[in-house]
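Quick notes on the structure that follows.
In what follows, chains carry the letters A, B, and so on, assigned in the order in which the sequence lines appear, proteins first and then strands, with residues in each chain numbered from 1.
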Amino acid sequence: MVPHWKPGWKPIESRMGPSGQYAPQAMASMDEVSARVDELRSLIDRHDVAYFEQDAPTIADPDYDGLVRELAELESRHPELAVDTGAGHRVGARPSEAFAPVSHAVSMMSLDKAFDQDELTGWYDRVLRRLDGNEVGPLTCELKFDGLAVSVRYENGEMVRAATRGDGRTGEDVSANVETIADLPKRLGPDAPSLIEVRGEVYLKLSSFAALNEMVVAIGQAPYVNPRNAAAGSLRQKNAAVTATRNLSFFSYQMGEVDGVPQFGSHHESLQYLASLGLPVNEHAETVASMDGVSDYIERFRLMRHDLDYEFDGVVIKIDDLATQGRLGATSRAPRWAVAYKLPPEERTTKLLDIHVSIGPSGRATPFARLEPVFVGGVTVSTATLHNEDQVLAKDVRPGDTVVVRRAGDVIPEVVGPVLADRVKASKPWKFPTNCPICDQPLERVEDMAATACVNVSCPRQIRGRIEHFVSRGAMDIEGFGESRVDLFVTAGLLGDVSDIYSFDLEAVREMEGFGDLSVQNLRLAIAESRARPLGNLLFGLRIPHVGSTNGDLLATSFGSMEALLSADEEAIAAIDGVGPIIARSVFLWLSNPGNREIIGRLRDAGVNFTGPARSELAPILEGMSIVVTGALEGFSRDDAAAAVSDRGGKSPGSVSKKTTALVVGESPGASKLSKAEDFGIPILDEAEFSTLLKTGVVPAKTEEEGETP
DNA sequence: ACACCTCGAGTTCT
DNA sequence: CTCGAGGTGT
């Protein structure tokens, strides 16, 4: 039913995920094809104007690429619809009139793109076919920087002009601004050729981007959405003095028109030449022997994506041998000897369907965005948190908006902001709901905080939340008591508060669907076992504000028993080292509450352990030490490792600081902890060395001397 | 007053 | 894992 599908060409939807936003629709008639082509042209035109002339992109790059691809595909299948001058037949857009036009003697072409391994292989196969049996030779791999392509012209060693790419043949003169880029010499050395046009990417380092946005926000303006956008804005400043403050950077990767430049045999030699002239060339360019080397390079840098101080969105692969490049030639748009492999996008636009509020287990009301599913950063995202009311207001995102979605450094998707140009005129700012969506009681703004919460103690969500927390690992750790079962028992009216766990009707559970003798017996055993948990776990399980696992243990060891804690006044609690007035007050108030007293009384009656931790039998050989664990160990769970340390008098906090005695590294460790430990020169132990430490209380000496790295 | 460390809480998808 | 806030030490 899709008559013109070329073999080997994948429909865009399979690549872009289920969003379908820019995916081609199945088209039956010529009229529909023609209509879609017109639609695509006008969309691309509109985005071009916004992007190139107003520095305000209305669409994320990969989506734009998708539109252009779809148009190109339709035009190639229906040549009768193609027009020479229309959208999609140019590399960029019309140059703005604010900067004088500059024509490129050697045109600045864009590159064909490959979105997955298959497309990359397809490119290579086409190269092989064209070469008709001749050797391809080595390939060069370079990072594809997320910046703006610029051509910088040097005559007799002097920088004379710099121009943007524009439409590939004609760009804009941005000399005044490019002159402010510290990376670029105004004058080349004595070996400079009589003419050289250096092509490369103007970009903004992530650190400069952060500094810039800090400043922009400080003067009350909206921050730039991303470094590329900020670089574009900076490069097109009318006042070069402003550009100078932006700290733009540059990487050279190609030459345009030249005269007096030596003949090279390969691309990598030309890069070396550029570097020898004192021009900035990225250090990560590599020459590899085959496509296996290319795959390896891509994989390596896919993983390093967030480890560099600049953004890159792909890898550029070029045939290294210049004679072979010449043999391959170029199409009207792009050279055949190069291809840009695009990494999965980190930023995409999608539609914000609605904003909902979820009530967390503690009653906090968190707004989150329901999104039209969109493939970003390697996964399909359909929801993203908006954190709190202030965030929603600050970003002013509204249901129905087209929004930019990002999956930054870590994992958590984030709504960057709305695309204002696409906003429906009638839309109104979103209002935070006044009532809890679960229990319908009024929501209250938490004092002095950005949070809003449901304060109804008998809200079903919170009853469940408190019980889930009580039975969780780290608290009373009752096996077989997961979220779904808690939900089941609470809904059935069997559990109202945590003390009910020790008295509720297990015979009634036996009658429930999905439960038999065995599962009830296991549950009974697990509950019985939990009575013996240390007091610190119990205190943590009660979910007293500001009392987590650490402070729970701290209170338990300081008071020795629940009874002692119950009879302590606020000052006695505040006297503990590490507990200040706020935590003391919170604990005291919670324990004074009659309802909570009653729960504690029932737990006492149920025979739950109320006495402090049995003194560790082990000698406190790690006293005063702070041992941080990262990654998975073979012989210990993370909790076990922390317990092993604290049993011996040491501490095991969650992060590395200057005070840390040693870092224990297991399988797949967290990069930030590791690099911090290296920075501070903290000893790094493997599991075997950790075991030794636990036995001897001495940090094993390193066999090799730790040297400072420059 | 400031800097640094620590703790607690919330977060998505496979 | 990261953010915001509490606690401690300078």
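- Ion pairing between a basic and an acidic side chain is recognised when a charged N comes within 4.0 Å of a carboxylate O; Arg398(A) and Asp396(A) show such pairing.
- Within 6.0 Å of CD on Glu483(A) lie no more than 12 heavy atoms contributed by other residues, nucleotides or ligands.
- To the nearest angstrom, C1' of dA3(B) lies 9 Å from NZ of Lys658(A).
- Residues His284(A) and Tyr297(A) place their aromatic rings such that the two centres sit no closer than 6.0 Å.
- In terms of position along DNA chain B, the nucleotide closest to Pro361(A) lies nearer the 5' end than the nucleotide closest to the other residue of the pair Val381(A) and Pro361(A).
- Closest to the Ser655(A) side chain, of the nucleotides dC13(B), dG8(B), dT6(B), is dT6(B).
- The nearest whole Å value for the distance from the CG atom in Asp553(A) to the C1' atom in dT6(B) is 14 Å.
- Rounding to whole angstrom units, CG of residue Leu542(A) and P of dG8(B) are separated by 14 Å.
- In the displayed structure, Arg533(A) atom CZ is contacted under 6.0 Å by more than 12 heavy atoms of other residues, nucleotides or ligands.
- The residue from Asn596(A), Leu591(A), Val547(A), Leu603(A) that alone fulfils the side-chain contact (heavy atoms from CB on, under 4.5 Å) condition with Leu542(A) is Leu603(A).
- Remark: Arg228(A) engages Asp146(A) in a salt bridge, criterion side-chain N to carboxylate O under 4.0 Å.
- In this model, the phosphate group of dT6(B) is not approached by any side-chain N or O of Thr550(A) to a distance below 4.0 Å at OP1 or OP2.
- At a non-hydrogen distance threshold of 4.0 Å, nothing from residues 476-484 of chain A comes into contact with DNA chain C.
- Taken to the nearest 0.5 Å, the CZ atom of Arg364(A) stands 10.0 Å off from the OG atom of Ser358(A).
- Of the candidate nucleotides dC13(B), dG8(B), dC5(B), dG8(B) has the atom lying nearest to any side-chain atom of Ser549(A).
- Residue Thr366(A) places its side chain closer to dT11(B) than to any other of dG6(C), dC13(B), dT11(B).
- The residue Gly360(A) sits apart from the nucleic acid: no heavy atom pair falls under 4.0 Å.
- Atom CD1 in Ile359(A) sits about 11 Å away from atom P in dT11(B), given to the nearest Å.
- For Lys659(A), the side-chain atoms get nearest to dT6(B) when compared with the rest of dG6(C), dT8(C), dT6(B).
- Residue His546(A) contributes atom NE2, which lies 6 Å from atom P of dG6(C) at whole-angstrom precision.
- The residue His387(A) sits apart from the nucleic acid: no heavy atom pair falls under 4.0 Å.
- Heavy-atom distances under 4.0 Å link DNA chain C to no residue of residues 456-472 of chain A.
- Atom CD1 in Ile583(A) sits roughly 13 Å away from atom C1' in dC5(B) (whole-Å rounding).
- Looking at Asp313(A) and Lys342(A), a side-chain N of the basic residue comes within less than 4.0 Å of a carboxylate O on the acidic one, giving a salt bridge.
- When the C1' atom of dT8(C) is taken as reference, atom CD1 of Ile576(A) falls 15 Å away, rounded to whole Å.
- Taking the six-membered ring for Trp and the full ring otherwise, Tyr203(A) and Phe312(A) have centroids separated by 6.0 Å or more.
- Per the geometry, CZ belonging to Phe368(A) stands 12 Å off C1' belonging to dT12(B), to the nearest Å.
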Next item on the list: May I have the step-by-step check of side-chain contact (heavy atoms from CB on, under 4.5 Å) for Phe690(A) and Val645(A), ending in yes or no?
Entry: CA-CA 10 Å; Phe690(A) 178 51; Val645(A) 172; 4.0 Å; yes
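- Considering only the side chain of Thr385(A), dT12(B) comes nearest among dC5(B), dT12(B), dG6(C).
- Nearest nucleotide to the Asn551(A) side chain, out of dT8(C), dT6(B), dG8(B): dG8(B).
- Side-chain proximity of Ile582(A) to the nucleotides dT12(B), dT8(C), dG6(C) is greatest for dG6(C).
- Minimum atom distance to the side chain of Pro653(A) is reached by dC7(B), of the listed dC7(B), dT8(C), dC5(B).
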